[in-house]
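Remember, predicted model here, so these are calculated numbers, not experimental data. Below, chains carry the letters A, B, ... as their sequence lines are ordered, and counting in each starts from 1.
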Amino acid sequence: GAGVSQSPSNKVTEKGKDVELRCDPISGHTALYWYRQSLGQGLEFLIYFQGNSAPDKSGLPSDRFSAERTGGSVSTLTIQRTQQEDSAVYLCASSLARVINTGELFFGEGSRLTVL
Amino acid sequence: AQSVTQLDSQVPVFEEAPVELRCNYSSSVSVYLFWYVQYPNQGLQLLLKYLSGSTLVKGINGFEAEFNKSQTSFHLRKPSVHISDTAEYFCAVTSFNYGGSQGNLIFGKGTKLSVKP
């Protein structure tokens with residue numbers, strides 16, 4: 001597709017269950033970011049990939065959160081043993097090699113996670 | 001560490017009035033600054049960016065922002081707003097590390113602009 005694609009768009013789960021969120025970036029974009037958007041908290045950085053490696057994962061809030069990227073393309077964010085405070089919209093964005101050169105991230109429409 | 005502060009969480013304004021959305025950043029290195037906009041029920045999109053050169057940058061939909069290094073600010077302005085400008089606006093910063101690696105893009109908490117008729 002032409003844009004960043006995220007799935008599922010909506011996910012409702014029970015506390016304690018594991019969830020996987022998928023991001024398919026724009027073809028050719030080597031940089032991929034995950035952010036979390038919570039009410040009143042803006043966009044919270046989670047992790048950044050350059051190719052398949054993650055130079056910065058300092059934003060992952062706990063060891064229940066993990067992410068991987070394969071083939072320099074699709075990325076999966078996994079949340080284990082979900083808690084109610086994990087409820088948020090999870091945004092994925094991609095860019096050409098370096099944001100500082102292109103100045104632009106392209107965002108998906110997000111995956112809204114609700115933990116009951 | 002970098003950080004971004006958007007001083008106003010909500011800004012109500014009447015149509016055709018001017019508006020300024022404030023953004024201040026902190027960073028110990030050279031920065032690159034951005035404003036993104038999120039219209040209701042839509043994803044984020046780039047409004048404008050400052051990478052280098054002129055400190056006054058113009059973006060889409062008549063918005064502009066001025067990079068002020070001494071005041072560490074990058075305020076967003078529009079001389080006359082429209083109803084369609086109602087959205088949430090996010091300021092963001094990244095830096096160029098000396099070693100050549102790309103910095104993260106750090107966002108502020110957003111400012112909700114509400115334009116009333």
Problem set entry | Qualifying side-chain hydrogen bond (donor to acceptor under 3.5 Å, both in side chains) pairs, either residue in residues 62-74 of chain A, two or more places apart |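 Passing the test, one end in residues 62-74 of chain A: R64(A)-D86(A).
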
Problem set entry | Heavy-atom proximity to chain B below 4.5 Å, by part of Q37(A) | side chain

Exercise. What's the spacing between E109(A) CD and L44(B) CG if we round to 0.5 Å?
Worked result: 11.0 Å

Problem set entry | Interatomic distance, Y35(A) atom OH to I106(B) atom CD1 [nearest 0.5 angstrom] | 6.0 Å

Problem set entry | Members sharing W34(A)'s hydrophobic cluster (side chains within less than 4.5 Å) | V19(A), L21(A), L32(A), L46(A), I47(A), F49(A), L60(A), F65(A), L77(A), I79(A), Y90(A), L113(A), V115(A)

Answer yes or no: does atom [atom1] of [X] have more than 12 heavy-atom neighbours from other residues, nucleotides or ligands under 6.0 Å?
X: L39(A); atom1: CG; answer: no
X: E85(A); atom1: CD; answer: yes
X: R112(A); atom1: CZ; answer: no

Problem set entry | Close side-chain approach of L105(B) to Y48(A), heavy-atom, < 4.5 Å |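 No - every pair of side-chain heavy atoms lies 4.5 Å or more apart.
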
Seminar exercise, completed: For L105(A) and Y36(B), the nearest pair of non-hydrogen atoms, with its separation, is N-OH, 2.7 Å

Exercise. Contact part of Q6(B) toward chain A, heavy-atom cut-off under 4.5 Å: side chain, backbone, both or neither?
Worked result: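 Q6(B) has no heavy atom closer than 4.5 Å to chain A.
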
